[in-house]
A.B. asks: 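Here's a structure for you.
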Amino acid sequence: MSGPTVGVEEEFLLVDPVTGVAVNRADEVVAVARQVFGLALDYELTGTQVEVKTSVCRDADQVRRELLDLRRTVALAAREAGCRAIAVGAPPFGDTTGTITDGVRYRRIAREFGVLAGQQLICGCHVHVAVPDRETAVLVCNHVRPWLPVLGAVTANSPFSGGADTGFASWRSMVWSRWPVSGPPPVFASWQHYESLCDTMLSAGTALDPSMVYWDVRPSARWPTVEVRVADVAAGIDDVVLLAALVRALVTQAVADIRRGVPPVPVPAETLRQACWRAARDGLAGGALDVLSGRLVPLRRQLDDLVSRLTPVLEANGDLPSVRRGLRVLDRDGCGADRQRRAHRDGGVEALLRLVEVGEARTRSPHGVVEVKSFAEVDLSNCDELERRCARAVAAGAEEVVLDLSEVTFFGSSGITALAGIRELGLERRVPISVVASEAVARVLRATAMVTLLPLHVPRERPLPTAG
């Protein structure tokens, strides 16, 4: 497995556990996380937010494992501090102004930018990918920038503000666009050109330091990475892992193109801004200007085009299974904004908060344990259906899923892939998954070491409620 290293930063909003209104509890949550769980959380501009960072990860699978652990710990720390931590791009309920975090830099930002600073109760997701040097970094930005509208649509997760539907899939993008240095960057001629632009902004006072150059893709001010900042904090783990894998592949491809002398597509900044605005409004369910063709194209089709272009790189990086899983989740559930709207429509405030609470398990089913049974053979023709049935059982609130393969006579390699996906879903939703297998299937599970990942049981005597 090859490819550059990757890291992810996620910002979470702290809210009242009942009303969902943002609360200034960052001090308490940070203290609990450190003292009880040994996790060092980062502060953000306002006291209603905390941030987590993965380590330098080798691949998308490591990103998934670390974010699962980080999100669960943040959820526990928030509960200990008397609030909820939720993964939303903007506060869905209540006031949108917070208290500025006490710190020299934050106080200076508040003085210089006034109400704009206090209203930054928005939460993003930043993906860092390693690059060889700074000169390469600015050139990579040129290659990545045409895909910013698609990357933003993948994680669009902020349809509400002040209790009302904004009509946007990513309201965070609209709030963020008020900063003087934000949105898609220009095309950079060189590192010297990038530094010259930054110096101009520092002289003008529109940025107080290099970290306030808030373009959607930029060379990191602190690390030898390219940082993509266009995304809302993702609704679920699959969404953020999909984003991280795509960004990693885009940077990998860009570095290779730069070495071969392949020029970037020089999309004008204003054209790109229009496409990003439309993507923020519609999310993946709508369309946006395809800046490569100049036509209005469904964003979901643009995402497929991006994945198709990057498939060889995704395979080389070892991230293609994570991308395919993320695409299946988007096709099944929609983007985060779609999920929030459904939850609020069907169950009000509590249903929405339960959906977006970081690390939270879903509502439990009165049936408790649910059996998903398969017959005869499991192969490429039906393994996706097996995974979908398990996903439906989890979504319906199963406390445990038992996958009954006791009557299966053939279990192919595609079945192993499906089992790995089902296991990941169980880990994400904190729902135990176990397998009841025939001897033929058990031999396959032992040979592939899957028995070390999913408990293997003998058939139960009494039937269980069946999902699907």
A.B. asks: Any carboxylate oxygen within less than 4.0 angstrom of a Lys/Arg side-chain nitrogen, looking at Arg392 and Glu387?
C.D. replies: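 No, this pair does not count.
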A.B. asks: Could I get the full list of side-chain contact (heavy atoms from CB on, under 4.5 Å) partners for Trp277, not counting sequence neighbours?
C.D. replies: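 Result, side-chain contact (heavy atoms from CB on, under 4.5 Å) vs Trp277: Phe168, Met174, Arg281.
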A.B. asks: Would you say Ser414's side chain and Leu380's backbone share a donor-acceptor pair under 3.5 angstrom?
C.D. replies: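 Answer holds: yes.
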A.B. asks: To check you understand the geometry: which heavy-atom pair defines the closest contact between Ile258 and His143, and what is its length?
C.D. replies: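 Answer, listing the atom of Ile258 first, then His143: CG1-NE2, 3.7 Å.
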A.B. asks: Look at Asp238 together with Arg325 and state whether they make a salt bridge at an N to O cut-off of under 4.0 Å.
C.D. replies: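 So Asp238 pairs with Arg325 through a salt bridge.
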A.B. asks: Around atom CZ of Arg328, are there more than 12 heavy atoms of other residues, nucleotides or ligands at under 6.0 Å?
C.D. replies: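 Above 12, so yes.
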A.B. asks: Less than 4.5 Å apart, any side-chain heavy atom of Leu246 and any of Leu303?
C.D. replies: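 In short, these two side chains touch, coming nearer than 4.5 Å.
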A.B. asks: Got a donor-acceptor contact below 3.5 angstrom from the Asp239 side chain to the Gly236 backbone?
C.D. replies: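 At least one qualifying donor-acceptor pair exists.
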A.B. asks: Let me see the working for Val8 and Cys125 under side-chain contact (heavy atoms from CB on, under 4.5 Å), right down to the final yes or no.
C.D. replies: CA-CA 7 Å; Val8 174; Cys125 174; 3.8 Å; yes
A.B. asks: Do any N or O atoms from the side chain of Asp404 and from the backbone of Ser406 form a donor-acceptor pair under 3.5 angstrom?
C.D. replies: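 Yes.
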A.B. asks: First locate atom CG of Asn24, then atom CG of Leu121, and finally report the distance between them rounded to the nearest 0.5 Å.
C.D. replies: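 Between atom CG of Asn24 and atom CG of Leu121 there are 7.5 Å.
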A.B. asks: When you compare the side chain of Pro219 with that of Cys141, does any pair of heavy atoms fall below 4.5 Å?
C.D. replies: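 In short, these two side chains touch, coming nearer than 4.5 Å.
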A.B. asks: Please examine the side chains of Leu13 and Pro91, heavy atoms only from C-beta on, and report whether any two atoms are closer than 4.5 Å.
C.D. replies: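 Pro91 vs Leu13: side chains touch.
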A.B. asks: Between Glu66 and Arg64, does any side-chain N to carboxylate O distance fall below 4.0 Å?
C.D. replies: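 Here Glu66 does not pair with Arg64 in a salt bridge, since their nearest N and O are not under 4.0 Å apart.
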A.B. asks: Salt bridge (Lys or Arg N to Asp or Glu O under 4.0 Å): which pairs involve residues 2-19, sequence neighbours left out?
C.D. replies: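 Counting only pairs at least two positions apart or across chains, the salt bridge (Lys or Arg N to Asp or Glu O under 4.0 Å) contacts touching residues 2-19 are Glu10-Arg71.
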A.B. asks: Flag the pair Leu425 / Val431 as yes when at least one side-chain heavy-atom distance between them is below 4.5 Å, and no otherwise.
C.D. replies: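 Of all side-chain heavy-atom pairs linking Val431 with Leu425, none is under 4.5 Å.
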A.B. asks: Walk me through it: do Thr225 and Val131 pass the test side-chain contact (heavy atoms from CB on, under 4.5 Å)?
C.D. replies: CA-CA 5 Å; Thr225 64; Val131 290; 5.5 Å; no
A.B. asks: With salt bridge (Lys or Arg N to Asp or Glu O under 4.0 Å) as the criterion, how do Asp257 and Arg260 come out once you've worked through the C-alpha distance, each side chain's angles and the decisive distance to 0.1 Å?
C.D. replies: CA-CA 5 Å; Asp257 287 344; Arg260 293 198 306 267; 2.5 Å; yes
A.B. asks: Go through the steps to decide whether Val323 and Val307 satisfy the test side-chain contact (heavy atoms from CB on, under 4.5 Å), and finish with yes or no.
C.D. replies: CA-CA 8 Å; Val323 167; Val307 172; 4.1 Å; yes
A.B. asks: Give a yes or no on whether the backbone of Phe160 and the side-chain of Thr166 come within a donor-acceptor separation of less than 3.5 Å.
C.D. replies: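 No, Thr166 side chain to Phe160 backbone: no donor-acceptor pair under 3.5 Å.
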A.B. asks: With ring pair (Phe, Tyr, Trp, His ring centres under 6.0 Å) as the rule and sequence neighbours excluded, what pairs involving residues 61-96 come up?
C.D. replies: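 Applying ring pair (Phe, Tyr, Trp, His ring centres under 6.0 Å) to every pair that reaches into residues 61-96, excluding sequence neighbours, yields Phe93-His344.
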A.B. asks: Where do Ser322 and Val241 come nearest, in terms of heavy atoms and distance?
C.D. replies: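 Smallest interatomic distance, heavy atoms only, reads CB-CG1, 3.8 Å.
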A.B. asks: Could you check whether any side-chain N or O of Thr155 sits under 3.5 Å from a backbone N or O of Val233, counting only pairs where one atom can act as donor and the other as acceptor?
C.D. replies: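 No: the side chain of Thr155 does not pair with the backbone of Val233.
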A.B. asks: Excluding sequence neighbours, so at least two apart, what forms salt bridge (Lys or Arg N to Asp or Glu O under 4.0 Å) with Asp304?
C.D. replies: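 Here the qualifying residues are Arg300.
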A.B. asks: Side chains of Pro132 and Arg259: does their closest heavy-atom pair fall under 4.5 Å?
C.D. replies: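 Pro132 reaches Arg259 side chain to side chain.
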A.B. asks: Just by distance, do the side chain of Asn382 and the backbone of Glu377 share a donor-acceptor pair under 3.5 Å?
C.D. replies: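 The answer is yes, because a donor-acceptor pair under 3.5 Å joins these two groups.
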A.B. asks: What I'd like to find out is whether the side chain of Val402 reaches to under 4.5 Å of the side chain of Val372, using heavy atoms alone.
C.D. replies: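 When only atoms from C-beta onward are counted, Val372 and Val402 do not touch, as no gap falls below 4.5 Å.
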A.B. asks: Tell me every residue that passes side-chain hydrogen bond (donor to acceptor under 3.5 Å, both in side chains) with Asp216, counting only those two or more places apart in sequence or in another chain.
C.D. replies: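 Expected list: none.
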A.B. asks: Using every non-hydrogen atom in the two residues, find where Asp59 and Arg248 come nearest and quote the distance to one decimal.
C.D. replies: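 The pair with the smallest heavy-atom distance is CA-NH1, 3.8 Å.
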A.B. asks: Within a strict 4.5 Å, meaning less than it, do heavy atoms of the Leu386 and Leu403 side chains meet?
C.D. replies: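 They are in contact (side-chain heavy atoms under 4.5 Å apart), so the answer is yes.
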A.B. asks: Return the set of residues passing salt bridge (Lys or Arg N to Asp or Glu O under 4.0 Å) with Asp379 (not counting sequence neighbours), or none when no residue passes.
C.D. replies: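 By the salt bridge (Lys or Arg N to Asp or Glu O under 4.0 Å) rule, Asp379 matches no residue at all.
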A.B. asks: Apply the side chain to side chain contact (heavy atoms under 4.5 Å, CB included) test between Val230 and each candidate in Leu151, Val154, Val144, Leu243; give the one that qualifies.
C.D. replies: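 Only match with Val230 under side chain to side chain contact (heavy atoms under 4.5 Å, CB included): Leu151.
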A.B. asks: Could you check whether any side-chain heavy atom of Leu41 comes within less than 4.5 Å of a side-chain heavy atom of Thr73, counting everything from C-beta outward?
C.D. replies: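 With C-beta onward as the side chain, the pair stays apart.
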A.B. asks: Is it the case that the side chain of Ser158 and the backbone of Arg172 share a donor-acceptor pair, with hydrogens and angles ignored and the cut-off at 3.5 Å?
C.D. replies: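 Flag set: sc Ser158 to bb Arg172 pair under 3.5 Å.
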A.B. asks: Treating Arg342 as the side-chain partner and Asp333 as the backbone partner, does any N or O pair qualify as donor plus acceptor under 3.5 Å?
C.D. replies: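 At least one qualifying donor-acceptor pair exists.
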A.B. asks: Give, for atom CZ of Arg339 and atom CG of Asn157, the distance between the pair rounded to the nearest 0.5 Å.
C.D. replies: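 CG of Asn157 is found 7.5 Å from CZ of Arg339.
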A.B. asks: Is the backbone N or O of Val29 less than 3.5 Å from a side-chain atom of Glu80, with the two atoms forming a donor-acceptor pair by type?
C.D. replies: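 It does not hold such a pair.
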A.B. asks: Which atoms form the tightest heavy-atom contact between Ala169 and Ala337, and what is the distance?
C.D. replies: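 Heavy atoms only, the tightest pair is O-CB, 3.5 Å.
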A.B. asks: Run the salt-bridge test on Glu227 and Arg229 with the 4.0 Å N-O cut-off and return the result as yes or no.
C.D. replies: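 Here Glu227 pairs with Arg229 in a salt bridge, since their nearest N and O are under 4.0 Å apart.
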A.B. asks: If the condition is salt bridge (Lys or Arg N to Asp or Glu O under 4.0 Å), which residues does Arg309 pass it with, not counting sequence neighbours?
C.D. replies: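 Arg309 satisfies salt bridge (Lys or Arg N to Asp or Glu O under 4.0 Å) with Asp305 once adjacent residues are dropped.
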A.B. asks: Between Ser293 and Asp290, do the side chains contain a donor N or O and an acceptor N or O under 3.5 Å apart?
C.D. replies: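 There is such a pair between these side chains.
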A.B. asks: Return the minimal non-hydrogen interatomic distance between Leu45 and Gln49, and the atom names on each side.
C.D. replies: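 What the structure gives for the nearest pair is N-OE1, 4.3 Å.
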A.B. asks: Kindly compute the distance separating CG (Asp384) from CZ (Arg389), expressed to the nearest 0.5 Å.
C.D. replies: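 Taking CG in Asp384 and CZ in Arg389, the distance rounds to 13.5 Å.
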A.B. asks: What residues, two or more places apart in sequence or in another chain, satisfy salt bridge (Lys or Arg N to Asp or Glu O under 4.0 Å) together with Arg341?
C.D. replies: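 Only Asp165 meet the salt bridge (Lys or Arg N to Asp or Glu O under 4.0 Å) criterion with Arg341.
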A.B. asks: What pairs with Arg72 under side-chain hydrogen bond (donor to acceptor under 3.5 Å, both in side chains), at least two apart in sequence or on another chain?
C.D. replies: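 side-chain hydrogen bond (donor to acceptor under 3.5 Å, both in side chains) list for Arg72, sorted by chain: empty.
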A.B. asks: Nearest 0.5 angstrom please: Thr252 OG1 to Leu314 CG, how far?
C.D. replies: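 Here the rounded value is 8.5 Å.
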A.B. asks: Side chain of Gln62, backbone of Arg58: donor and acceptor closer than 3.5 Å?
C.D. replies: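 Flag set: sc Gln62 to bb Arg58 pair under 3.5 Å.
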A.B. asks: State which residues pass side-chain contact (heavy atoms from CB on, under 4.5 Å) with Leu296; sequence neighbours excluded, sorted by chain then number.
C.D. replies: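 Scan of Leu296 (side-chain contact (heavy atoms from CB on, under 4.5 Å), adjacent residues dropped) gives Arg278.
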A.B. asks: Can you pull out every salt bridge (Lys or Arg N to Asp or Glu O under 4.0 Å) where at least one residue sits in residues 432-450? Sequence neighbours excluded, please.
C.D. replies: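 Applying salt bridge (Lys or Arg N to Asp or Glu O under 4.0 Å) to every pair that reaches into residues 432-450, excluding sequence neighbours, yields Glu439-Arg446.
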A.B. asks: Identify the heavy atoms of Val88 and Pro92 that sit nearest to each other, and give their distance.
C.D. replies: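 Heavy-atom minimum between the residues: CG2-CD, 4.1 Å.
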A.B. asks: Mind checking side-chain contact (heavy atoms from CB on, under 4.5 Å) for Glu350 and listing every partner two or more places apart, or none if nothing turns up?
C.D. replies: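 With neighbours one apart ignored, the set is Arg84, Arg354.
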A.B. asks: Run Leu454 and Leu419 through side-chain contact (heavy atoms from CB on, under 4.5 Å) and show every step you take.
C.D. replies: CA-CA 9 Å; Leu454 285 173; Leu419 276 185; 4.0 Å; yes
A.B. asks: For this output row, return yes or no: ring centroids of Tyr214 and Trp176 closer than 6.0 angstrom.
C.D. replies: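 Yes: the rings meet the under 6.0 Å criterion.
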